[in-house]
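What you see below is based on every heavy atom in this structure, not just the backbone, and it leaves out hydrogens, waters and symmetry mates. Just so you know, residue 1 is the first one in the sequence shown, and it goes up from there.
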Amino acid sequence: MDCSQILVSRDSDVINEMSLSRETSQILPGAVDLGPCSLSTGYFLDKPFIVYALDRNVVVVDAKLRHVQTILGSDCGYGDTNITSLHSAEYSGRIAVAWGSDVVIFEPKENDEATSTLKLMLPTWSPSQTISLDYPVLSLCWDGEGTQLLTA
């Protein structure tokens, strides 16, 4: 066996351990939430990534669906609130995530240790700003340059 990974089923509390070989397909850490604003794609330093909502958490994978980072909602103060919308700026790598009426902006930060070890060439994301609105945010969209954010 080349490696072992734990697969967690979203539909139950059952945790199944399964062996994976290098030839098997990647298993993502959970299914993408249903809804029109649950998945987005972007680039950072010409490297593509995919970001998606998983209940209260944000998951980032690379173009080959290899796990890069999971941002826990509880680490941002949103342990009891599901994500209502997210969007990544196409070329700056910034990610906006809405938990109810709060929008958190995540900035990419190059991580030399991660890129040299995992060879993913993608950064890690850290929260840089929180915007609190008077209404629940159901949709987010960055402008083409990733400098302005539209909410609805």
Would you kindly confirm whether [X] and [Y] end up in one hydrophobic cluster when ILVMFWY residues are joined by side chain heavy atoms under 4.5 Å apart?
| X | Y | result |
| --- | --- | --- |
| W142 | L86 | no |
| I131 | V137 | yes |
| V60 | F106 | yes |
| I105 | Y135 | yes |
| L72 | V104 | no |

Starting from Y91 and following side-chain heavy-atom contacts under 4.5 Å between hydrophobic residues (I, L, V, M, F, W, Y), which residues can be reached?
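Direct or chained contacts put Y91 with Y43.
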Hydrophobic side-chain clustering at under 4.5 Å (ILVMFWY, transitive links): who's grouped with L138? Put none if nobody.
none
Begin from the C-alpha positions of I83 and V58 and carry the test side chain to side chain contact (heavy atoms under 4.5 Å, CB included) through to its verdict.
CA-CA 8 Å; I83 293 171; V58 178; 3.6 Å; yes
For [X], which residues count as a side chain to side chain donor-acceptor pair (under 3.5 Å) partner, sequence neighbours excluded?
| X | result |
| --- | --- |
| S74 | none |
| D102 | Y78, S132 |
| D143 | T147 |

Verify, without hydrogens or angle tests, whether T41 (side chain) and I50 (backbone) share a donor-acceptor contact under 3.5 angstrom.
no
Look at the side chain of D55 and the backbone N and O of N82, then say whether any donor-acceptor pair between them is shorter than 3.5 Å.
no
Between atom SG of C76 and atom CG of N57, what is the distance when rounded to the nearest 0.5 Å?
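C76 SG to N57 CG: 9.0 Å, rounded to 0.5 Å.
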Do you know the tightest heavy-atom contact between L140 and H87?
O-CB, 3.5 Å
Apply ring pair (Phe, Tyr, Trp, His ring centres under 6.0 Å) to residues F49 and W125 and explain how you reach the verdict.
CA-CA 12 Å; F49 66 90; W125 281 261; 4.9 Å; yes
Do S38 and Y52 come close enough that some side-chain heavy atom pair is under 4.5 Å?
no
Between L54 and V32, does the side chain to side chain contact (heavy atoms under 4.5 Å, CB included) criterion hold? Intermediate values first, please.
CA-CA 6 Å; L54 172 61; V32 178; over 6 Å; no
Walk me through whether S139 and T151 qualify under side chain to side chain contact (heavy atoms under 4.5 Å, CB included).
CA-CA 6 Å; S139 180; T151 66; over 6 Å; no
Result block: side-chain N/O donor-acceptor pairs under 3.5 angstrom for residues 92-101, not counting sequence neighbours:
residue : atom : partner : partner atom : Å
S92     : OG   : R94     : N            : 3.3
R94     : NE   : E107    : OE2          : 2.8
R94     : NH1  : G146    : O            : 3.0
R94     : NH2  : E107    : OE2          : 3.1
W99     : NE1  : R56     : O            : 3.1

